[in-house]
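See structure below.
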Amino acid sequence: MYKKVIVFEGIDGSGKTFHLNQVSKYLSKKKIKFLKIREPGGTKNSETIRNIILNKKSTLKKKTDLLLYLAARNENYENLIKPNFNKKIILIDRFTDSTMAYQHYGFDINKKIIRDLNNYILGNFKPNFTFFHFVPPKYIKKNISGKKNKYDKFNKNFYYKVQKGFLNILKNNKNKLIIDSSKTKKFNIEKVKDKINKVLNINE
Ligand code: TYD
């Protein structure tokens, strides 16, 4: 079995966290050890940073947010990813593609700055596989139900831009699977599981 790093990406409300949790349950059932991380968040310090960024009352500037996302990522990388790399399967809820999609395609921050900051923190490290949870544009909602952070005030157009950004970023990534979130949960759970079995070399 391979100890790979697998990322779940998608706009808010796309179902990425649901599917990550399904995979966690599946691995637990098979008694396979894994580590689950969310971004922003992860360690105690990066959860503190998460609360600062996503606080509904936050008035932080977009460049401040960018630096905080990267700060949280550095804590995760040093404390969780690096020590467990190749030892455990690592599942991550959002990673570098989210930063490019939201901060560049959504908020127009320079691409090169984002790339350089990620490289500064991660060096040559790259996840092995990405699940991208795609929401067909007609299903993108203005107010994403249940959202309690400051990103719930963005309009549909913002999410169109971010999702287009994701697709652009992932275009040349061979190690990805696009999950259409308008399909049934059952169908998608099976699709993700089949891919997980292949990527992690699990025999059912
Ligand atoms: P998340 O906790 O994944 O929210 P949800 O599960 O409700 O989709 O992410 C919180 C927000 O942080 C989300 O709106 C996207 C944003 N974000 C960025 O803008 N840049 C980043 O680099 C990351 C990791 C997240």
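First listed ligand is number 1; within each ligand, the first listed atom is number 1.
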Show me which atoms of ligand 1 lie under 4.0 Å from any heavy atom of [X].
{"X": "Arg50", "result": "2 (O)"}
{"X": "Thr17", "result": "6 (O)"}
{"X": "Lys16", "result": "3 (O), 5 (P), 6 (O), 8 (O)"}
{"X": "Glu39", "result": "24 (C)"}
{"X": "Arg73", "result": "22 (O), 24 (C)"}

For this session: For residues Asp12 and Tyr102, determine if any side-chain heavy atom of one lies less than 4.5 Å from a side-chain heavy atom of the other.
Result: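 In contact.
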Exercise. About how many Å separate NZ of Lys36 and CG of Asp93, when rounded to the nearest 0.5 Å?
Worked result: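 NZ of Lys36 is found 8.5 Å from CG of Asp93.
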Problem set entry | Charged N-O contact under 4.0 Å between Glu47 and Arg38 |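 Arg38 and Glu47: salt-bridged.
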For this session: Determine which pairs satisfy side chain to side chain donor-acceptor pair (under 3.5 Å) with at least one residue from residues 118-140, sequence neighbours left out, and list them in order.
Result: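 Side chain to side chain donor-acceptor pair (under 3.5 Å) check on residues 118-140 returns Arg73-Asn118.
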Problem set entry | Residue-ligand contact Arg38/ligand 1, heavy atom below 4.0 Å |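 It does not, in that no heavy atom of Arg38 comes within the 4.0 Å cut-off of ligand 1.
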Exercise. Given a cutoff of under 4.5 Å between side-chain heavy atoms of I, L, V, M, F, W and Y, with clusters grown through shared members, what are the other residues clustered with Ile189?
Worked result: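 For the cluster that includes Ile189, the remaining residues are Phe18.
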Exercise. Taking the six-membered ring for Trp, are Phe134 and Phe132 parallel (under 30°), tilted (30 to 60°) or perpendicular (over 60°)?
Worked result: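 Ring orientation of Phe134 relative to Phe132: tilted.
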Exercise. If hydrogens are left out, which of Leu68, Asp12, Ile11, Thr96 has an atom nearest to atom 13 (C) of ligand 1, that is, the closest non-hydrogen atom?
Worked result: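 Of the listed residues, Asp12 has the closest heavy atom.
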